[in-house]
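Comments concern the structure below.
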Amino acid sequence: MASDDELRIRDRLGKLGNLPLLRGVAVSGELKRLQKQLKRLEQEPAPAGDDIWLSVELARHQERPYTLDYVERLMDDWTELHGDRARADDPAIVAGIGRFHGRTVALIGHQKGRDVAERVHRNFGMAHPEGYRKAMRVMELADRFGFPVITLIDTPGAYPGLAAEQHGQGGMIARCQAQMARLRVPTAACVIGEGGSGGAVAFAIADRVYMQEHAIYSVISPEGCAQILWRDGAEARKAAAAMKPDARHCLELGVIDGIVDEPRGGAQLNWDEAAFSLGETLRRGLADVESLGPEERRAARRAKFRSMGVTA
Amino acid sequence: MASDDELRIRDRLGKLGNLPLLRGVAVSGELKRLQKQLKRLEQEPAPAGDDIWLSVELARHQERPYTLDYVERLMDDWTELHGDRARADDPAIVAGIGRFHGRTVALIGHQKGRDVAERVHRNFGMAHPEGYRKAMRVMELADRFGFPVITLIDTPGAYPGLAAEQHGQGGMIARCQAQMARLRVPTAACVIGEGGSGGAVAFAIADRVYMQEHAIYSVISPEGCAQILWRDGAEARKAAAAMKPDARHCLELGVIDGIVDEPRGGAQLNWDEAAFSLGETLRRGLADVESLGPEERRAARRAKFRSMGVTA
Amino acid sequence: MAERIDVSIEHRGAPDQPAGKRHPNTCPACGSHYREDELRASAWVCRHCGHHFAMRARDRISWLADPGSFTEAALDVRSADPLNFFDLRAYTDRIAEAEMATGLGDAIVIGSAQVDARACELAVMDFSFIGGSMGSAVGEKFARACDAAAEKGVPLISIPSSGGARMQEGILSLMQMPKTVVAIEELHAAGSALITVITNPTTGGVVASLAMLGDITVAEPGSLMSFAGPRVVSNITKEKLPEDFGRAESNFRLGHLDAVLPRAELRPYLAKVLRLFHGQ
Amino acid sequence: MAERIDVSIEHRGAPDQPAGKRHPNTCPACGSHYREDELRASAWVCRHCGHHFAMRARDRISWLADPGSFTEAALDVRSADPLNFFDLRAYTDRIAEAEMATGLGDAIVIGSAQVDARACELAVMDFSFIGGSMGSAVGEKFARACDAAAEKGVPLISIPSSGGARMQEGILSLMQMPKTVVAIEELHAAGSALITVITNPTTGGVVASLAMLGDITVAEPGSLMSFAGPRVVSNITKEKLPEDFGRAESNFRLGHLDAVLPRAELRPYLAKVLRLFHGQ
Ligand SMILES: [Zn+2]
Ligand SMILES: [Zn+2]
């Protein structure tokens, strides 16, 4: 249950963003986190056009650390699990178990490729339904053994290919969200680069959802939005400024629970520092919800997502 | 819990077959059924060579009623459900919901074809992994809504094609059994023709498992057994006599819970009578376990299968 | 960089609109023309070739629900403009115009009803309101329909029609996907059923959330249902797609639908299914 | 009538036995010949080409378990002959011969052990006992291994190798499939893990039950793992099968395995996985 202080700060956070965002969310021991977020919202100016576009570029920077770079720095005894037990192993998604701060967790993330060959192999981090099915299998395993689940989100979107559609891309993404909403274990998610539409949200139904400082999270790519609304893909900067896919705005809109600091200039400049910062946030995020019972935790998670959006 | 009378009869049934077959199985209100089975084992001689071969032929008779013929006669408001939500709808398996004796149940069964075109379409009742996945989806739905599950088994075996193997035929059959072992609702299964090996057993992990009088249930077809052990497929009669796939022997071996009478001469001669008899048995079978709690029922189901086999 | 898939409105998913304006009452398949009352009398099915015209949400409800049984809920819920979104026009203008043009508060109508004397909740989308796109108002109303069905212990009949997410609400439109998903989870936890009728077109984020989680999912003939629209996919694959790409008939064949039902068979089918789920 | 698939012993799934008798210590891949002690020293891997020879169950356990840590269980469980089965020979003769030839009670050895100082249960099959076929004794012993792991709250490491079901036990051999499946369900209900190492060959009923339900499932290189054996499948498809049909490498590619691990990497991998599942 939330303390009075927590409720007061959540209220102020809500008011700052002018949103009914925190209704019904059980919280526990996260006073400090909330205070920090509040400070961020109060003191730092909201980014506008150029700042937002910088994040779009940094989020897609080809030297930015990817899921396996963080795994290497944050996990011991990492054991990658492969295959959907039906027809494929999708390299655009990495899933496995390992030890994180002394306890076994499951980690699932999109994986982009570093060089041209790996980019093609990883399909630019765009998963097929088989990838989401692999993820769901590992989530099920984690839930059964009480392993907390960490997801790292970094995808332009789910792959829009013919076979992907024929094998039920939409339904698989829907069921992946449903499965995350059902998990009894603590869960934490972080957008570590591009949080592109449905392919991203499939992994984002977590107790704590974070974004790195220069990650983006959006319903459509700025280029796609510009193409449709401005009828000109080159107006992507305008579209980005209008959609506000940056972490600061996502926090203000109540969509995420916190922002993970990046090294000055972006995560691509210091992978170790970026990983340390990410690891600390994930550790604290899981600890925040650890003390809740499984039912209470799940109910709080559902209530959080149930409350998102703004209506008149 | 079993009454003393029930335990005594079960003990005698076990001794007749010389088997430790009924250990640990919770039972409820099935005294009459047991007495009838006991009478059958005591009074009717066990079938030998020719009788067993007659059952092999009748089980495969092309005029024998198939799953949808029973559905037509036993279910109201039948609603067939289609598709595995991944890549196919396997016509070798029929699954749906309907009303059976006044309450909604799910029914799943293998489906053979009547004429040449339908036989090909139904792949002779040999399912792909996608068919078992469809069945599992409907079982999950039934469990969630508290619909009892009925399965009708009638297959030469799971389809041994290249794609079937590539898509995980073995694993899917294993998971289908596991799912039936997990269901909380009452379940009843009946072999209505050929109960061919793994493809059949996938649907047979039920609280009550029956065979029609002339159905067969076996680990391998008589032809396959003859080919391997006699090195001559033409020795199928000998193989059948040795394997004893008939209902009477399966009952004696503790593999099934009862035998469903067929019209004199076989189910193919009177579909309505065969359906009536099957319906009555399934109704009583579900009623037998209805009064148990979900946990107790599931534990009894597992204990029954855990106890099967004979070791020295 | 490879092309991206988006869950935003895909106008390309809209019913075919060949060059030149065709009157909405002219059948796009055979060219037959009907008066409004003729279409209404045939449940918006072409009497000549069987083409299923799109149905407006309120028309759908009048046609489906027992006469006088429908009580609309959440009439007051409206889209807000949390991002002060402005592209070539202001989002608030687009909403106002859609409201004027359709007489609807947003792209969904919800409420309680009876179908063949069985109680249920309805959530019916309307493509004519900004392409049936899902913003906060659609998400909220769909979730409230789930809440109501859960509370009353009755099935929810959901009839989606959508081009995808309402991109003018940015990330909040994306969040309507998990919002509707968790509402369905709660509906299921309460033991109520979700029965989904896919209509043409249903694409984008709605497909990756509320549209594909039905306990029973059927579609009207010819309905397009895909996450990525055909043009995005053909740009990616650089191939001509199968004729029936994403259509109900191919989705049925590929295992994603329980049935493809002509409109004439839909009401008795839903009545039957309601009987089965009510029987418990 | 189309061909049938059976879960019975498929001798065709056995390691290649080309015409002419090859000495068991001769590498079938490159022809190198080894003395028994050489093979033992290399964990039965060809030093020349890397071919993995089959390992006997007791050899596997000595190699895998910490020295002196293994305690065998259910030593007394033997196959019975419930059908009085007689084909060209009596089943009882076949069993007696297998027992003499292998020194095993049946095609599986179970017991408790430590691997890298972590407690676990082991269930290791042996193909040399009637083709590793699963009858009542194998099913019973595997189930008891599950029981023991569940009771002690430790993982079960299962190492199958099987041609399928023991058809001389008729329907009772088929019933070992659900028997092992329900034992695994109980193992899981107790919170213990099942870690499976597929070895060459693993086919038939074992694939459709105990072999494919691991929480983690890995395979040795080149191991055949398929429900229907390659000859049955090629008779059905009337086509030449892919070179690597059913082999570990293709099963990995097709999503059925978590890893393909050379024998040299297997012990450290299992030690790591035991640490992860013990950590809870
Ligand atoms: Zn027409
Ligand atoms: Zn060699």
Side-chain angles (χ1 to χ4, degrees), chain B residues 18-19 60 123-124 126 156-162 164-171 173-175 177-178 181-182 196-202 204-205 217-221 223-225 228-231 238-239 242-245 249-250 253 255 301-303 305-312, chain D residues 1-9 11 77-80 82-83 85-88 135-137 139-140 143 165 167-179 181-186 205 207-213 225-228 232-233 236-237 239 241 245-246 250 254-256:
Chain B
N18 210 14
L19 294 174
R60 297 171 174 175
N123 201 27
F124 304 90
M126 295 185 291
Y159 186 65
L162 177 59
E165 285 295 332
Q166 291 180 327
H167 296 167
Q169 186 72 281
I173 291 172
R175 286 193 290 280
Q177 293 172 75
R182 267 198 294 270
S197 90
V201 85
I205 321 308
Y217 194 11
S218 66
V219 66
I220 180 169
S221 67
E223 292 79 4
C225 180
I228 296 175
L229 293 185
W230 279 263
R231 307 213 173 99
K238 278 189 195 162
M243 288 203 301
K244 307 185 174 71
H249 278 107
C250 286
L253 290 163
V255 164
R301 187 189 311 140
R302 291 180 182 182
F305 286 93
R306 175 69 180 79
S307 76
M308 287 186 185
V310 193
T311 56
Chain D
M1 180 56 89
E3 281 206 45
R4 290 182 171 77
I5 184 171
D6 297 303
V7 293
S8 55
I9 304 172
H11 294 292
V77 174
R78 289 287 183 285
S79 293
L83 302 185
F85 198 94
F86 192 99
D87 45 79
L88 302 177
S136 297
E140 178 65 23
M167 81 185 91
Q168 293 89 345
E169 296 185 24
I171 190 68
L172 290 176
S173 69
L174 188 69
M175 290 303 113
Q176 304 313 303
M177 291 170 58
K179 179 175 180 167
V181 169
V182 300
I184 292 168
E185 281 297 300
E186 294 289 343
V207 171
S209 58
L210 64 96
M212 289 308 294
L213 294 174
M225 178 185 84
S226 64
F227 181 46
V232 171
V233 176
I236 288 286
T237 60
E239 288 179 305
L241 297 183
F245 171 84
S250 77
L254 290 163
H256 305 302

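In what follows, chains are A, B, ... by sequence order, proteins preceding strands, each numbered from 1. Everything quoted here is computed from the prediction, not taken from an experiment.
- If you take NZ on B:Lys244 and CD1 on D:Ile171, they are separated by 13.0 Å, rounding to the nearest 0.5 Å.
- Heavy-atom distances place the side chain of B:Ile205, and not its backbone, under 4.5 Å from chain D.
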Report the C-alpha separation of B:Leu229 and D:Leu88 in whole Å, then their side-chain angles, then the decisive distance to 0.1 Å, and conclude whether the side-chain contact (heavy atoms from CB on, under 4.5 Å) test is met.
CA-CA 7 Å; B:Leu229 293 185; D:Leu88 302 177; over 6 Å; no
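- B:Gly309 and D:Ser136 make their closest contact through CA-OG, 3.3 Å (heavy atoms, listed as atom of the first residue, atom of the second, distance).
- The CD atom of B:Gln166 sits 7.0 Å away from atom OG of D:Ser250, with the distance rounded to the nearest 0.5 Å.
- No part of B:His249 comes within reach of chain D, as not one of its non-hydrogen atoms sits under 4.5 angstrom from that chain.
- Highest contact tally toward chain B, considering only D:Gly255, D:Gly170, D:Pro178, is held by D:Pro178 [criterion: heavy-atom pairs under 4.5 Å].
- In this structure, chain D has no heavy atom under 4.5 Å from any part of B:Lys238.
- Annotation: maximal heavy-atom pairing with chain D below 4.5 Å, among B:Ala181, B:Gly161, B:Gly171, B:Ala242, occurs at B:Ala242.
- The residue among B:Ala200, B:Ala178, B:Ser218 with the most heavy atom pairs within less than 4.5 Å of chain D is B:Ala178.
- Residues B:Ile228 and D:Met167 have side chains in contact (heavy-atom distance under 4.5 Å, counting atoms from C-beta outward).
- Residues satisfying the salt bridge (charged side-chain N to carboxylate O under 4.0 Å, His left out) criterion with B:Arg301, sequence neighbours excluded, are B:Asp207.
- The contact between D:Ser79 and chain B is made entirely by backbone atoms, counting heavy-atom distances below 4.5 Å.
- Contact of D:Leu83 with chain B is made through backbone and side chain together, with heavy-atom distances under 4.5 Å.
- Across all non-hydrogen atoms, the minimal contact from D:Met212 to B:Arg175 is O-NH1, 4.0 Å.
- Shown here for D:Val233 and B:Leu162, the closest heavy-atom pair between the two residues is CG1-N, 3.6 Å.
- For the atom pair CD of B:Glu165 and CZ of D:Phe245, the computed distance is 4.5 Å after rounding to the nearest 0.5 Å.
- Residues D:Ala228 and B:Pro160 come closest through the heavy atom pair CB-CB, 3.6 Å.
- Annotation for D:His256 and B:His167: closest pair CE1-C, 3.7 Å, computed over non-hydrogen atoms.
- Contact of the B:Phe305 side chain with the D:Val181 side chain is not registered, since no non-hydrogen atoms from C-beta on lie closer than 4.5 Å.
- Interface remark: of the candidates D:Ala143, D:Gly139, D:Gly246, D:Ala143 forms the most heavy-atom pairs closer than 4.5 Å to chain B.
- Under the salt bridge (charged side-chain N to carboxylate O under 4.0 Å, His left out) criterion, B:Arg182 pairs with D:Glu185, sequence neighbours left out.
- Only the backbone of D:Phe86 comes within contact range of chain B, with at least one heavy atom under 4.5 Å from a heavy atom of that chain.
- Side-chain atoms of B:Gln177 come within 3.5 Å of backbone atoms of D:Ala208 as a donor-acceptor pair (strictly under, hydrogens ignored).
- Of all heavy-atom pairs spanning D:Gln176 and B:Met308, the tightest one is NE2-O, 3.3 Å.
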